[in-house]
Amino acid sequence: MAKPGKIRPILTVPDPRLKTVSEPVATVTDDTRALMDDMLATMYAAPGIGLAAIQIGVPQRVIVMDLAGEGEDPQPKYFVNPEILDPADETLPYQEGCLSVPDIYDDVERPQSCRVTYLDYDGKRVTEDCEGLYAVCIQHEMDHLEGIVFLDHLSRLKRERAIKKVMKAEKLKASA
Ligand code: K2U
Ligand code: ZN
């Protein structure tokens, strides 16, 4: 049974740790579950609808997600060693944001559907079809496991402007 986790700090660009390629988890243990409990608490507090372990500085291939809308019961999902299968040829733009790139939003084109296979909270193999926001979010989070943030899909100019803006805002926050 999932436990309440600890809210942990979220890394923001241009922290070099966000470029790390995360390592697979050998076995889903109580430590893995404690990590996922902390990730979920951190994601809800942000708030966000997805979070990759590297965003709290842990280079393990672990993702949490909750796509439940406002006023719906929470539907937490836990992904250990997720892999994307059969990405569609057709792509769709979606205005993405990222908890590691606060207050920046821009369109990213991604395959409109895919399948994902992963180990769940108990280490059981699950394979699902992803469409709509699920497809966008799982691909956005999988990028994090490869050390990629959504800015890396934009032009150099847009990326550099966004990073400058985030750094300025973080500096202001630190001096407040
Ligand atoms: O990886 C993250 O930082 C979590 C993102 C996940 C996400 C990004 C783009 C598109 C869908 C999901 C955060 O949840 S960004 C905040 C957010 C909240 C609701 C809808 C879209 C983005
Ligand atoms: Zn992100």
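Read the numbers this way: they start at 1 and go in the same order the structure lists the ligands and their atoms. What you see is a predicted model; the values in this text were computed from it and never measured.
Atom numbering of ligand 1 starts at 1 in the shown order; those under 4.0 Å from a heavy atom of G48 are 14 (O). Near H144, meaning under 4.0 Å from any of its heavy atoms, are these atoms of ligand 1: 1 (O).
An N or O contact shorter than 3.5 Å links H140 to ligand 1 by distance. Annotation: Q55 places an N or O atom under 3.5 Å from an N or O atom of ligand 1; distance criterion only. When only interatomic distances are considered, the shortest N/O to N/O separation between L99 and ligand 1 falls below 3.5 Å. Between S100 and ligand 1, no N or O atom pair is found at a separation short of 3.5 Å.
Nearest N, O or S atom of H140 to the Zn ion (ligand 2): atom NE2. For the Zn ion (ligand 2), the nearest N, O or S atom contributed by H144 is named NE2.
The protein non-hydrogen atom at the shortest distance from atom 21 (C) of ligand 1 is I49 CD1, 3.9 Å.
Using a cutoff of 4.0 Å between basic side-chain nitrogens and carboxylate oxygens, D37 and K3 are not scored as salt-bridged.
The nearest pair of heavy atoms linking L11 to S100 is O-OG, 2.9 Å.
Every heavy atom of Q95 sits 4.0 Å or more from the atoms of ligand 1. Using 4.0 Å as the threshold, A52 has no heavy atom nearer than that to any atom of ligand 1.
With a 4.5 Å cut-off on side-chain heavy atoms, L145 and P82 count as touching. Within the 4.5 Å cutoff, side-chain heavy atoms of K77 are placed close to those of Y118.
Proximity of M43 to ligand 1, defined as any heavy-atom pair under 4.0 Å, is not found for any part of the residue.
Among L154, V101, L151, the single residue meeting the side-chain contact (heavy atoms from CB on, under 4.5 Å) criterion with D106 is L154.
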